[in-house]
Every structure is written in structure tokens, then in C-alpha cells.
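What follows is a set of notes on a single structure, which appears directly below.
This is a predicted model, so every value here is computed, not measured. Only this structure's heavy atoms are used, side chains among them; waters, hydrogens and symmetry mates stay out. Just so you know, ligand 1 is whichever comes first in the structure, and atom 1 is the first atom listed for that ligand.
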Amino acid sequence: MSYFIYARKSRKDADLEALGIDVLERHITTLLELAKTLSLPIGAIYREVVSGDSIDSRPVMSQVMAEVESCMWDGCLVMDVDRLARGDTIDQGRVQRAFFYSNTKIVTPNKTYDPANEYDNEYFEFSLFMSRREYATIKRRMQRGRERSSSDGYYVGNIPPYGWRRVIAPDGKHFSLAPDPTESPVLDLMYDLCGNKQYGYQKACTHMAEMGILSRSGRPFTPSTLKGIISNPANIGKVRWGHRKTVRTVKDGKISRSRPHSSDYILADAVWPPRISADLFQRANHPKGSCSAPVRDDRPIQNIFAGLVRCSQCGRLMVRKKAHTKTPYDILICQYTECPTVGIRIDELELALLEWLRNYIDKYELTDALPEDVENVAAKEAIVKNFEKEHETLLKQRESLFDFLEQGIYTKEIFIERSNALERRVKECMEHIISAQNDLHATLALQANRKNFVPRCKNLLGEWGRLTIPEKNSALKVLIEKIMFTKTKRNKKGQDRSDFEIDVFPKVPK
Ligand SMILES: [Zn+2]
């Protein structure tokens, strides 16, 4: 986002004009100088050549209003506020409201008006006549305008939803969706299974796997992907908005971003026709027996690995199969029948994990920093520095852009073009710096936390023999994120050690 310059003649300029001075160009030069001083990126220069009093009689102003109302700009540079609206109080109010609700600043050589600042009331005096509540609603509605205007029934994602492919919309500027020849029949089948036949998600997945139908990743559909696909309103010709807004929260002084599923979203009619009827959509998304198995907390956990071990072939959690007469010991299996993973005796896996813990302690107990850690940190620091240097160079270029303009090397048109290109690079560079810094900090935190992890592992190993199964499970869950398990060969007769691998992910806080 950047700023625009709005220049317009007023009656008091007539005397200067009479002396042959181009007032408009003088104003633009002054405002460009102001932009340079305040280091504001300029994205456009608007000149009003028509001298009408009302907004509607000024074509450039009408466009400016539309852009401000759709929250396109950070701010506007203008010689003084009354160049924007003059005379007519209704127009004045309209301009004030637009800037206020879209949170667009007005920068003049004398003063910067920031709508977010409550005390800029001399400028937003009309606010006195409106209730707080009215403000809040209108403001929210207008600021949503940005996301809405870009998404008015068009598809804005990069990857089309399952069953669809992305096509250019009739307006030639946006994207729409059209049925994908191979995926759309599968989509119909999904709705038939879950909606008409009232299959549960797992049953529908198994059914499709048996038919040899695979997802885009080339693997069988899982209940959660299936659920995600059939609950997508794109299938009934709707666009969902604000469903997973990025929410920024400050925690321990750091900003963290999350994308929670929100119930407060907008459903708009899409530009593509629905493929699935609303009725079938409803039925498929609310299958009759659709209650997930209740979590039983009355019974103690009987598997030390409950919720910890995942199958490396399909990524699912592995579950305990109780001992019975044929196999008199508990085994951990991947429940998914199509999966090539072979089960493992839980006691055998337990020994392997204890061995992993011992090795981990040996490796990290005595060393302060491993050579590869030092190298890793140095490399990441270098990346951050490089981006910071690039950023500095770009800022210098911003200054020379203004110089070129002043020296007449650039025309204003070229200046705007270059300035926009430069601002994009500045923004990209900032993003690179932030992500490189995050990466570096994560690495440092990881290394620091690994040190704390060792004594806790030692404690656990010391106590292991005295712990009950639920205690072992909860202790492991404190220390370990997950264990990926690989075993695809069955044991031969009489083989007492299985051929398997574990990949343990320690829970080192980031
Ligand atoms: Zn599996």
C-alpha cells in the first residue's frame, strides 16, 4: 500500500495562473518533496483539471473517492484539506467519512490527519454527531470492502478446490471455476456416497480406495480431506469469505499469527454455476450417524504410545490391538487396511524408544554446541544480513528516484512506474528479512531448548521402571511430539527382533 497525490486548482490560485505559473505542477513538486522528506512511497499522481465544485462534477475526484472507499491507499498527499472537498457540506461529509472509515491518512505540508487518531477531531468533527456504535459498524463494513471487492463472486485462490479447475472469468480480470473433467465425476460420487447413501466419511474413503480412486497427492482420500472437499461452498456456486482470517495476537511480546476456522464469514454468489444442489450439499455435510466416537476418559490409557506413533506410510496415528490367545501381547497397528505398514509389539517398540533416548542424551549431554549447529546459525545470520543490506540499497534507490525526478532525468510517469516497482521490491525484501529472522530465532531456540531437554530425558529414564502406563504416556507426551514408525516387512518365523525404524521428533518448544 502506498500514498497518492491529489492536485487541484482552487479559486485563489487564479492570480498566480494569471502570471503564467503552472499552479498544478508547482503543487505536485511541493508534494513530491514532502513525500521525500517523510519517506512515503508514491503510487499515483492525480491531477484535477476540471474545476467543478461538487464531487460528481469532478471525474478524477470521483475515481479518488471510489479508491479511498475501497481501502486502496494508506494515505493522500494534498496541499490542504479543502482541496478535497469544498463548499458543499454534503460532499465534505462524504469525503470525511470515506477517509475516516477506510483509515486513509491525509498528509498536507502543515499537518498529517490520521483517522486512527481519536484526537484528530477538528478534522473529523462530524464524528460528534454520530454514535460510537454506528461508527464501529460502518467502519467495519467499509474496511471489509477491500476483501469483498476483489472477491465479488470470483475465485481468488491459487489452487482450485477439488473437482474444479481455474479459468479466466468473463470479465477477463479475475478467475472463475469450471468443472475439472477428471475430478468432477469423483466429486459427484463423494456427494452420492455421503449425501444419498449416507456413508460415513471413513466408509466412503474405503469405498473409493477400493475403486482405485486417489486424491491429488496420489494417495487414498482420508476422512478429513473428504470432509474438507464436500464442505466447500464452491461446489454449490458460493464463495466463502473471511472463513480463515489471519488473526494476530501478541503473546509474550511476540506477534503470533493463526488462521482459526471462523463461524463469522460471508457467503457470496459465485460467478460459476453450482454443481451440487443445496439440498444434497446439506445432507452430505450432516450425515445421519455422524457423531464421532466419544472420548472415553473413565478408563485409564492402556497404551504407552497412545496418540504418539504415526505410520510413516500413510501418516495416520497407530493404535493398540489388544493381546489375545493367538498373539498373547499387545501390538501397535495402522488401522488403515490399504496401508502396507506391519504392526509391532508394543514392548519391542518401547525398548527401541528407550534406546533412542539414551543415544540422544549421549549425543547432547556433553557438547555445548555441535559444530553443525554453529555452522547452521552462522549461515542463517548471513542470510539475514544479506537481506538487510539489500533493504538498505533499496532505500537508497528510493532517495535517488526523487533526485532523478528533481533533476528532470525522470518524467513523473516514469517516476511513478519506477517507484511502484521499487516499493514492491522493498516490501518483498522486508518479508524476506522477517522470515529469515524467524528462521534464525527458531534455530537458536531449538538449540537452547535441546539443552533443557537432556536432563528431563535422564529423569524419565531413571524413573521409567516405576511408572504406570498412563504415567509413561503422559511423560512421553511432554517430551515427544511424535514418532514416525516404519515397518513394511513381516517377521519371519522365529525372528525375535523385528526389522523396523523409528524417527523420533522431540518436543523442543520453538
Ligand atoms: Zn498406515
Side-chain angles (χ1 to χ4, degrees), residues 162 183 186 189-190 193-194 199-231 287 289-296 299 301-324 326-357 469 472-474 476-477 479-493 495-507:
Y162 188 85
E183 289 180 355
V186 179
L189 175 70
M190 288 172 174
L193 294 176
C194 299
Y199 279 17
Y201 298 128
Q202 180 63 62
K203 192 177 171 190
C205 286
T206 313
H207 182 84
M208 288 193 292
E210 278 163 3
M211 290 173 72
I213 298 172
L214 299 176
S215 70
R216 280 185 190 164
S217 65
R219 300 196 302 182
F221 285 100
T222 63
S224 75
T225 49
L226 174 64
K227 195 178 167 196
I229 290 167
I230 62 175
S231 65
S290 79
C291 50
S292 50
V295 178
R296 300 189 54 166
R299 205 172 42 172
I301 290 172
Q302 297 180 36
N303 168 12
I304 58 166
F305 292 115
L308 276 169
V309 181
R310 284 183 180 277
C311 158
S312 68
Q313 304 300 304
C314 70
R316 290 181 178 82
L317 271 177
M318 295 182 66
V319 296
R320 182 185 73 114
K321 200 170 153 200
K322 238 166 59 178
H324 52 89
K326 225 175 119 196
T327 43
Y329 35 77
D330 285 0
I331 55 175
L332 205 63
I333 57 157
C334 174
Q335 256 186 324
Y336 185 57
T337 43
E338 310 286 313
C339 185
T341 289
V342 178
I344 177 90
R345 280 178 67 153
I346 288 188
D347 49 6
E348 207 180 349
L349 191 59
E350 181 175 345
L351 289 176
L353 179 67
L354 294 179
E355 196 191 324
W356 182 91
L357 285 170
I469 286 178
K472 283 180 180 173
N473 182 255
S474 59
L476 286 179
K477 277 186 174 154
L479 292 176
I480 287 167
E481 182 77 50
K482 64 176 176 185
I483 301 169
M484 294 304 280
F485 176 79
T486 311
K487 180 183 183 216
T488 46
K489 282 188 204 129
R490 295 195 172 277
N491 291 8
K492 295 195 190 81
K493 248 199 169 151
Q495 179 184 349
D496 53 347
R497 281 195 64 136
S498 307
D499 189 6
F500 69 96
E501 264 170 45
I502 52 170
D503 201 355
V504 182
F505 294 77
K507 206 180 235 173

Requested in this report: Please name all residues satisfying salt bridge (charged side-chain N to carboxylate O under 4.0 Å, His left out) with D503, sequence neighbours left out, ordered by chain then number.
Outcome: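 D503: no salt bridge (charged side-chain N to carboxylate O under 4.0 Å, His left out) contacts found.
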
Query - Neighbouring protein N, O or S atoms of the Zn ion (ligand 1) [cut-off: under 2.8 Å, no waters] - result: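 Near the Zn ion (ligand 1), the protein supplies C311 SG, C314 SG, C334 SG, C339 SG.
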
Query - R490 atom CZ, over 12 foreign heavy atoms within 6.0 Å - result: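 No, because the 6.0 Å sphere around CZ of R490 holds 12 heavy atoms or fewer from other groups.
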
Report task. Determine whether more than 12 heavy atoms belonging to other residues, nucleotides or ligands lie under 6.0 Å from atom CD of E338. Result ->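 Check passes, neighbour count above 12.
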
Report task. Scan K477, M318, K482 and name whichever one has a side chain to side chain contact (heavy atoms under 4.5 Å, CB included) with L308. Result ->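 Testing each of K477, M318, K482 against L308, the sole residue satisfying side chain to side chain contact (heavy atoms under 4.5 Å, CB included) is K477.
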
Query raised in the report: With side chains defined as the heavy atoms from C-beta onward, is the minimum distance between I480 and L353 less than 4.5 Å?
Result: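 Yes, side chains in contact.
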
Requested in this report: Report the distance from atom CE of M190 to atom CZ of F221, rounding to the nearest 0.5 Å.
Outcome: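 Here the interatomic distance stands at 3.5 Å.
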
